[in-house]
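Worksheet for the structure shown next.
Keep in mind that what you see is a predicted model, and the values were worked out from it rather than measured.
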Amino acid sequence: MASNQEEVKLLGATGSPFVCRVQIALKLKGVEYKFIEENLRNKSELLLKYNPVHKKVPVFVHNEKPIAESLVILEYIEETWKGNPILPTDPYQRALARFWSKFIDDKVVTAAWKSVFTADEKEREKNIQESFEALQFLENELKDKKFFGGEEFGFVDITAVFIAFWIPMIQEIAGLQLFTAEKFPKLYKWSQEFLNHPVVKECLPPRDPVFAFFKGLYQSLTASK
């Protein structure tokens with residue numbers, strides 16, 4: 001637990017998969033923190049002070065020392081609070097976890113997002129194809145493990161919360177079949193295990209308002225075509 005001498009704050013926005021990652025790690029580690037909701041259309045002075053480079057959430061602040069970028073924050077949390085580790089002890093396995101987490105951000109998050117929230121039809125098709133290819137790599141990597149981290153979820157699983165919770169939502173909005181039990185049986189089974197884990201369940205945002213927000217975004221985009 002965070003001691004009384006430690007001040008832990010998280011600047012975030014409900015509905016952000018990147019913020020959710022940090023919340024899952026903190027919950028798993030039993031770290032108490034103050035959550036500060038940010039309005040990204042009207043960014044606070046605090047956000048601009050703590051993250052002047054990217055001006056976005058999440059920002060993790062530990063004893064007034066700010067850290068930005070969710071994967072960097074996860075590593076910091078892991079190194080600061082040792083209980084319930086999210087990275088393997090073996091250096092090679094740690095390196096692999098970092099590789100696959102970066103792969104998810106570079107190849108899955110971006111492509112899946114653009115598959116839905118891109119006006120240009122050709123661009124959308126290209127990103128749909130890229131999403132399928134990236135998800136297939138993860139399907140193969142998962143093999144017959146319960147979680148990417150083995151019997152307990154870890155760094156890669158936390159990073160992949162976007163796949164488990166956000167992709168099904170945005171594909172429903174756009175009427176796509178990006179991520180289904182038929183196409184990716186192992187990954188789909190993993191997603192159900194992960195979403196139903198008590199720690200994860202407690203950190204997920206309420207689906208309805210997040211769905212409504214993204215649906216509004218999608219409708220604005222399609223209306224402007």
Side-chain angles (χ1 to χ4, degrees), residues 12-24 40 54 56-58 69-74 97-142 147-149 153-196 200 203-222 224-225:
T14 303
S16 161
F18 306 105
V19 173
C20 186
R21 289 171 176 176
V22 180
Q23 290 174 307
I24 292 169
L40 298 179
H54 295 302
K56 61 184 184 181
V57 294
E69 299 298 301
S70 63
L71 296 186
V72 178
I73 296 168
L74 290 184
R98 290 183 178 111
F99 171 85
W100 287 113
S101 295
K102 190 163 183 334
F103 174 86
I104 289 165
D105 271 3
D106 292 349
K107 299 295 183 184
V108 182
V109 175
T110 308
W113 184 259
K114 286 182 177 176
S115 298
V116 175
F117 298 103
T118 302
D120 183 79
E121 201 58 47
K122 275 188 179 172
E123 186 66 19
R124 281 185 73 201
E125 286 302 323
K126 175 175 159 283
N127 281 288
I128 288 167
Q129 190 53 44
E130 283 180 12
S131 298
F132 282 142
E133 287 170 9
L135 290 170
Q136 190 59 59
F137 273 115
L138 291 170
E139 173 86 357
N140 298 343
E141 175 59 21
L142 192 57
F147 296 112
F148 287 98
F153 75 78
F155 200 87
V156 181
D157 304 278
I158 295 170
T159 306
V161 70
F162 176 81
I163 298 168
F165 186 77
W166 273 266
I167 289 185
M169 194 161 31
I170 63 171
Q171 74 179 6
E172 184 184 331
I173 289 166
L176 290 175
Q177 295 285 301
L178 280 181
F179 175 44
T180 64
E182 292 72 37
K183 288 191 175 88
F184 305 105
K186 290 175 183 175
L187 205 52
Y188 188 82
K189 187 182 175 199
W190 159 82
S191 74
Q192 299 311 297
E193 290 272 7
F194 184 63
L195 293 179
N196 285 306
V200 177
C203 297
L204 295 172
R207 189 182 188 276
D208 291 351
V210 177
F211 185 88
F213 174 77
F214 286 128
K215 191 170 185 182
L217 267 186
Y218 180 73
Q219 286 171 338
S220 301
L221 180 77
T222 50
S224 66
K225 276 188 181 180

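Annotation for F194 and I24: closest pair CZ-CD1, 4.2 Å, computed over non-hydrogen atoms. The two residues A164 and L195 make their nearest non-hydrogen contact at O-CD1, 3.4 Å. Annotation for P205 and V210: closest pair CB-CG2, 3.9 Å, computed over non-hydrogen atoms. Of all the heavy atoms in D157 and F148, the pair that sits closest is OD1-N, 2.8 Å. Nearest approach of F103 to A134, heavy atoms of both residues: CE2-O, 3.6 Å. When all heavy atoms are compared, the tightest approach of G12 to V19 is CA-CG2, 3.7 Å.
The line from CD1 of I173 to CZ of F213 is 10.5 Å long, rounded to the nearest 0.5 Å. Interatomic distance, L178 CG to Q129 CD, rounded to the nearest 0.5 Å: 10.5 Å. Note: L176 CG to I167 CD1 = 10.5 Å, rounded to the nearest 0.5 Å. Taking NZ of K122 as the start and CG of N127 as the end, the distance is 14.5 Å to the nearest 0.5 Å. Taken from CG in D106 to OG1 in T110, the straight-line distance is 6.5 Å, to the nearest 0.5 Å. Of the inter-residue distances, the one linking I163 atom CD1 with I104 atom CD1 reads 4.5 Å to the nearest 0.5 angstrom.
Side-chain N/O atoms of Q192 and N196 include no donor and acceptor closer than 3.5 Å. Defined by atom type and a distance below 3.5 Å, a donor-acceptor pair is missing between the side-chain atoms of S115 and R124.
No side-chain heavy atom of P17 sits under 4.5 Å from any side-chain heavy atom of V109. No side-chain heavy atom of F184 sits under 4.5 Å from any side-chain heavy atom of W190. Using a 4.5 Å heavy-atom cutoff, the side chains of M169 and R207 are in contact. With a 4.5 Å cut-off on side-chain heavy atoms, Y188 and K183 do not count as touching. Between L204 and C20 the shortest side-chain heavy-atom distance falls below 4.5 Å.
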Practice task
Take K114 and E125 through the test salt bridge (Lys or Arg N to Asp or Glu O under 4.0 Å) and record every step on the way to the result.
Solution key: CA-CA 9 Å; K114 286 182 177 176; E125 286 302 323; over 6 Å; no
Practice task
Begin from the C-alpha positions of W100 and F155 and carry the test ring pair (Phe, Tyr, Trp, His ring centres under 6.0 Å) through to its verdict.
Solution key: CA-CA 9 Å; W100 287 113; F155 200 87; over 10 Å; no
Exercise for the section: Kindly determine whether S191 and F179 satisfy side-chain contact (heavy atoms from CB on, under 4.5 Å), including the steps that lead there. Expected result: CA-CA 10 Å; S191 74; F179 175 44; 4.0 Å; yes
Practice task
Quick one: do H54 and E69 satisfy side-chain contact (heavy atoms from CB on, under 4.5 Å)? Show the steps, please.
Solution key: CA-CA 9 Å; H54 295 302; E69 299 298 301; 3.2 Å; yes
Handout entry: Derivation of the side-chain contact (heavy atoms from CB on, under 4.5 Å) call for K102 and D105
Key = CA-CA 5 Å; K102 190 163 183 334; D105 271 3; 5.6 Å; no
Exercise for the section: Before giving the answer on side-chain contact (heavy atoms from CB on, under 4.5 Å), spell out for I158 and V200 the whole-Å C-alpha distance, their side-chain angles and the decisive distance to 0.1 Å. Expected result: CA-CA 9 Å; I158 295 170; V200 177; over 6 Å; no
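Under the 3.5 Å distance criterion, the side-chain polar atoms of T118 are left unmatched by any main-chain donor or acceptor of D120. Using modelled atom types, no side-chain atom of Q171 and backbone atom of Q177 make a donor-acceptor pair closer than 3.5 Å. With hydrogens and angles disregarded, a donor-acceptor distance shorter than 3.5 Å links the side chain of T222 to the backbone of Q219. Under a 3.5 Å cut-off, the side chain of E139 and the backbone N or O of L187 do form a donor-acceptor pair. Judged by distance alone, with hydrogens and angles left aside, the side-chain atoms of T159 form no donor-acceptor pair with the main-chain N or O of S101 at under 3.5 Å.
Aromatic ring pairs are classed by plane angle as parallel below 30°, tilted from 30° to 60° and perpendicular above 60°; the pair F153 and F147 is perpendicular. Below 30°, between 30° and 60°, or above 60°: for F117 and Y218 the angle between ring planes is above 60°, a perpendicular geometry.
By the 4.0 Å N-to-carboxylate-O rule, E193 lies too far from K189 to be salt-bridged with it. Using a cutoff of 4.0 Å between basic side-chain nitrogens and carboxylate oxygens, K186 and E141 are not scored as salt-bridged.
For K215, there are no side chain to side chain donor-acceptor pair (under 3.5 Å) partners at least two apart in sequence or on another chain.
A centroid separation of less than 6.0 Å is found between the aromatic rings of W113 and F214.
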